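Some notes on the structure that comes next.
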Amino acid sequence: MKQPTFLFRHHKLAVMLTIWLNGCAIANANEHPDAHKLYNDNCASCHGFDHGGYLAPALNANSLKGRSPTVLRTVIMTGSFDTLMPPFYGRLSDDEIRSLVNHLQTTAKQPNPAWTITDMKASLKIYVQDESKLAKQPTYSLASIDDLIGVAARGKYGRGSGSKAVFINSKTHQKVGEIPTVTAAHIIDYNPVNPRWAYIKTDTAEIYKVDLYTMQVLRSIKTGFNGPGLGVSRDGKYLMAGSFVPHNAVILNADTLEPLKTFELEGIDPDGKMVSSDSGMVIGTPFADVFAIALENAGQVWVVDLKDGFPVTKITDVGRHLHDAFLTHKGRKLMIAAYDDSKVIAIDLQDRKIIKKLDAGCVPHVGGGSAIVVDGRTLGFGTNFGDCDKTVVSVWDLDKMEVVKQIPVSGGTESPAAHANAPYVAVDIISKDRRARTVQLIDKKTLSVVKTLDVGGHAYFPEYSADGKFLYISAGYNGDEVAVYDSVSLKKIAAIPMESPAGIFSHGRVKYMTRGLSPDEMEQ
Amino acid sequence: MRLAYFFGFIAVFFTMNIEAANLYAGQERAASVCAHCHGIREPAKGAPFPSLSGRNADYLKLALKQYRDKTRQSLLMNLIANSLTDAQINDVAGYYSQLKR
C-alpha cells in the first residue's frame with residue numbers, strides 16, 4: 001500500500017515564508033556533521049534510506065536540482081499541508097534544517113545498501129522466552145477473534161510514541177490493545193492457523209510477532225530498511241517479507257521469526273532491461289503452499305514453493321511497475337496491478353501463467369482488493385490512484401476475466417472495501433482537495449455510486465467488521481480518528497481517537513481471503 | 001421609539017449572525033491547516049505545539065487576531081493567520097472550542 005505522494009498546496013504561505021527567511025537569514029554552507037544521521041532519524045522512513053523515495057518523493061541531488069534551499073527549509077519547517085509530511089518546526093533546530101537541506105541537495109541517490117541474512121539474524125529480538133506460559137484465552141472480553149480489527153496508526157512524524165498498531169473490538173468499538181511500533185506501522189497480517197498471532201510490519205521493515213490474547217510483542221526482526229511487503233503462508237508456518245530498500249525478500253519461520261532464505265530481486269523488465277527491483281506485494285494463498293511476490297520494477301511475479309530450497313518460478317512480462325494484488329477463485333487466481341500500464345493482470349497460480357491483462361482505469365492501486373458474488377457472478381473491484389480526466393473504479397467479471405463496468409467516482413481512489421453481508425462497496429476518494437474527506441459507496445446490484453460519506457480529515461482505507469455490520473474508516477493524517485459507521489444506515493456510531501491512522505485490517509480477512517467474499521464460498 | 005426598537009433588533013440580529021460560527025467551515029479549515037500542527041483533539045505526541053480543542057472561543061479568536069495583526073509575534077502563526085478574515089477566525093475558533101479534549 002502506498003500513501004499519497006506529497007504536494008505543497010499552500011503556495012502563498014510558502015512564498016511568504018520564503019521571503020521572510022530570505023530577509024533574515026544567510027545560509028550556512030557548512031554541512032552539519034550529523035546531517036546523514038538527521039536524515040536517517042527523521043526522513044528516511046518515508047523518503048527512503050537510499051534517498052530514492054518510498055512513500056514520499058526521492059530527496060537527492062538530482063531530484064532536488066534547481067530547487068530553492070529556502071523553499072525546502074520552509075517545507076521541512078511547516079510540513080506540507082494535505083500530505084503526510086509533518087512540520088519539523090521545534091523538533092529540529094534551524095541549523096539542523098539548514099544542514100539537512102544542504103545534505104539533500106549534495107547527496108546522490110545511494111547504491112542499494114546491504115542488509116544480509118546475517119544482519120537480519122543479528123536483529124532478532126526475543127521479548128517473551130517461554131510462550132507456553134502465556135494466558136490461554138484473550139485477557140479481555142472478546143466473543144470471537146475475528147471481531148478484532150487492527151489499525152496501523154502512523155503517528156504524525158511516522159515515528160515516536162504516536163506510532164503503533166491499535167486493536168479494536170469491532171462489536172463494542174472499544175480499544176482492546178496497543179502495540180508501540182517505534183516507526184509507522186504499515187501492514188498487519190494474521191496467522192491463519194494460530195488465531196493468537198498477528199504480524200505487524202513497519203515502514204522501516206521491522207516485523208513484530210504479536211500475541212493478540214495478551215496484546216504484547218513476542219519477537220521482532222528487522223528485514224530491511226524500507227518496505228511494507230508481508231505475507232503469511234496458508235499453513236501458518238512461514239512469513240515472507242519484501243523490501244524497497246534494499247532490493248531483497250526473505251522467508252522467515254512464522255513462529256520464531258528466524259530468517260530461512262533471502263532472495264535478490266532482479267530480472268529482465270518488460271522492456272528487455274536487466275533491473276534490480278523493489279518488492280511490491282507479497283501474498284500467501286489458501287490455494288497452495290506458495291508465496292507470490294511482485295518485483296515492481298522488473299515487472300515479474302515470482303511464485304516461491306514452500307519446500308526444500310524454496311524454489312522460484314518466475315512469471316515475466318507481467319506489467320510495468322507492479323504494486324499490489326488480491327486473490328480470487330479460492331486463491332488460485334491472483335489479480336495484480338501494474339501502475340504504468342494501467343492494467344490489472346490475472347495470473348493463474350497453478351499453471352503459473354498470465355491469464356489475461358484487463359483494463360483498469362488509470363494507475364490502478366487495488367489496495368487489499370475486493371470481490372463479491374452478485375447474481376452468480378464473481379465481481380472484482382479495483383481502485384485507481386490516478387487523477388485522470390475520468391476517475392473510475394473498475395469492475396471485472398473474475399470468471400470470464402473481462403471488464404464489466406468502469407464506475408465513475410468523484411476522484412482518485414486507494415482501497416475498496418466490501419463484505420458479503422453489507423450492501424455497499426466502499427471506496428476512498430484521495431484527490432487532494434475537499435474530496436479527500438469523503439468515501440463513496442457503490443451499490444452492489446446497480447454498480448453505481450449511491451452515497452457519499454463526509455468522514456472528514458483525509459479519509460482512507462475503509463474496512464468492514466468481520467460480521468459486515470460496521471464500516472471502519474481512517475480519518476487519516478488530518479482527522480486523528482477512526483470513524484465507525486453502521487454499514488446499512490451509514491450513520492456514524494463511534495469514533496476511536498488515534499494519531500494519523502492509515503490501513504485497517506480485520507481479522508476476518510483470514511476467513512474470507514479477499515474482502516467481500518463469503519467464508520462459505522471458501523469452504524465449497 | 002418603535003423604529004429605534006426595530007433598528008435595535010436588526011442590529012442584534014446581525015451581530016448574532018456574525019457571531020454564529022459555521023462549524024462545518026471551521027472544521028474544514030481546522031483539518032486542512034491548523035490540525036497539521038495542533039491536531040484535531042491534540043497535537044502529535046512530542047510536537048511543540050499547544051492543544052486547541054476545548055479552549056475558550058474568545059481566547060482563540062483574540063489570539064488569532066493578534067497573530068494576524070502581528071501584535072503577537074510568532075514566525076509561523078503570523079504567516080498562517082495573515083490572510084484570515086474575521087469570519088474564518090470565528091469559524092475555526094468556534095469549531096475548536098466546542099471539541100471535547
Side-chain angles (χ1 to χ4, degrees), chain A residues 9-10 12-21 24-25 74 77-94 153-164 180 432-434 436-437 454-459 475-481 495-500, chain B residues 21-55 63-64 66-85 88-89 91-101:
Chain A
R9 264 184 73 206
H10 292 240
K12 210 166 155 190
L13 175 66
V15 170
M16 289 187 311
L17 201 49
T18 302
I19 292 166
W20 186 89
L21 287 165
C24 72
T74 309
M77 201 187 296
T78 63
S80 176
F81 291 106
D82 270 353
T83 76
L84 286 167
M85 174 71 185
F88 283 91
Y89 176 83
R91 275 176 81 93
L92 297 177
S93 71
D94 195 41
R154 299 185 53 78
K156 198 84 182 173
Y157 294 95
R159 60 178 58 246
S161 54
S163 300
K164 53 198 170 192
K432 292 193 174 297
D433 51 36
R434 292 171 72 127
R437 301 167 54 96
D454 186 0
V455 180
H458 177 101
Y477 38 87
N478 290 336
D480 288 348
E481 66 177 28
I496 302 127
M498 66 188 79
E499 219 177 272
S500 194
Chain B
N22 179 339
L23 294 186
Y24 183 81
Q27 195 251 7
E28 204 186 339
R29 184 161 295 267
S32 64
V33 182
C34 319
H36 204 61
C37 295
H38 297 279
I40 293 289
R41 286 185 183 77
E42 54 187 21
K45 292 179 181 67
F49 309 106
S51 172
L52 301 181
S53 60
R55 300 287 287 270
L64 277 172
Q66 287 174 331
Y67 283 130
R68 179 186 64 189
D69 304 338
K70 309 206 173 33
T71 50
R72 187 169 169 181
Q73 299 292 321
S74 155
L75 164 58
L76 291 181
M77 283 312 300
N78 290 151
L79 287 158
I80 300 237
N82 183 55
S83 60
L84 289 177
T85 64
Q88 287 168 333
I89 287 176
D91 293 343
V92 166
Y95 172 70
Y96 266 116
S97 67
Q98 52 85 48
L99 283 180
K100 293 190 188 95
R101 277 205 212 194

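These figures come from a predicted structure and were not determined experimentally. Within every chain, numbering begins at 1; the chains are lettered A, B, ... in the order of the sequence lines, protein sequences first and strands thereafter.
Looking at B:Ala30, there are no atoms closer than 4.5 Å to chain A (heavy atoms on both sides), in backbone or side chain.
With a 4.5 Å cut-off on side-chain heavy atoms, A:Pro87 and B:Phe49 count as touching.
Of all non-hydrogen atoms in A:Lys156 and B:Ala44, the two that sit nearest each other are CB-CB, 3.2 Å. The two residues A:Lys164 and B:Lys45 make their nearest non-hydrogen contact at NZ-NZ, 4.2 Å. Nearest heavy atoms, A:Phe81 versus B:Val33: CE2-O, 3.3 Å. A:Asn478 and B:Ser32 get closest at one heavy-atom pair: ND2-CA, 4.2 Å. Scanning all heavy atoms of the two residues, the minimum distance from A:Gly90 to B:Pro48 falls at CA-CG, 3.6 Å.
In terms of heavy-atom pairs under 4.5 angstrom with chain B, the leader among A:Gly457, A:Gly160, A:Pro497 is A:Pro497.
From B:His38, atom NE2 reaches atom CG of A:Asp480 across 13.0 Å, with rounding to the nearest 0.5 Å.
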I would like to know whether A:Met77 and B:Leu76 meet side-chain contact (heavy atoms from CB on, under 4.5 Å); could you show each step before the answer? CA-CA 9 Å; A:Met77 201 187 296; B:Leu76 291 181; 4.3 Å; yes
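Qualifying side-chain contact (heavy atoms from CB on, under 4.5 Å) partners for A:Glu481, counting only residues two or more places apart in sequence or in other chains: A:Ala475, A:Ala483, A:Lys492, A:Ala495, B:Arg41. Remark: A:Phe88 engages A:Tyr157 in a ring-ring contact (aromatic ring centres under 6.0 Å, His included) (not counting sequence neighbours).
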